[in-house]
Every structure is written in C-alpha cells, then in structure tokens.
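Position 1 is the first residue of the sequence; numbering continues from there.
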Amino acid sequence: MLAEALPVVAAVEGNVGAIGYGLAAIGPGIGVGIIFGQGVNAIARQPELTGVIRQNMMLGFVLTEALALIGLVAPFIY
C-alpha cells in the first residue's frame, strides 16, 4: 500500500512550490486591490489630501508586495 503511494508523492513534490506560490499570491493580490480601491475612494472624498493619501497608498503597496516576494522565495528555502 505504501509503495503504491510513493510515486504519487514524488510526482506531486515537484509542483508543490508552484502551488504554494499561487496560493501565497492570493493574499497580496486582494490586499493591493483593497489599498488602491480605498485610496481612490479617499482621494475622491478629500482631493486636498491627495499627496498624503497617495504616499500612504504607496507605503501599503510596498509592504503588501513584500509579502508576495517572500512567498516567491519561500519555496526555494527548502
């Protein structure tokens, strides 16, 4: 029984990193959408604060994309 399962595990093992990164990219993708959506909403409500809002949007974007890069590098660690 165990001998039959080993080839299946070996076949899946090569693609685990790609599947993991695909799942890891979902969170930052949602985060970036929320950041820019709410940023545009805030600029529309208070156009006089465009510079401050844009600066905060870029900071949030950079921190969110850092998570995506960590998810890209993580499969290569093991």
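- L49 and M58 fall within a single hydrophobic cluster, where Ile, Leu, Val, Met, Phe, Trp and Tyr are joined by side-chain heavy atoms under 4.5 Å apart, directly or via other members.
- Annotation: Q55, atom CD; neighbour count of heavy atoms from other residues, nucleotides and ligands within 6.0 Å does not exceed 12.
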Exercise. Can you check side chain to side chain contact (heavy atoms under 4.5 Å, CB included) on N41 and R45, steps first, answer last?
Worked result: CA-CA 6 Å; N41 190 12; R45 289 175 180 262; 3.3 Å; yes
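- Separation of atoms CD1 (I53) and CD1 (I43) is listed at 5.5 Å; rounding is to 0.5 Å.
- Residue pairs meeting the ring-ring contact (aromatic ring centres under 6.0 Å, His included) criterion with at least one partner in residues 22-59, sequence neighbours excluded, are F36-F61.
- If you chain together hydrophobic residues whose side chains sit under 4.5 Å apart, I34 and I26 fall into the same group.
- Annotation: side chain to side chain contact (heavy atoms under 4.5 Å, CB included) contacts of I35 (sequence neighbours excluded): M57, T64.
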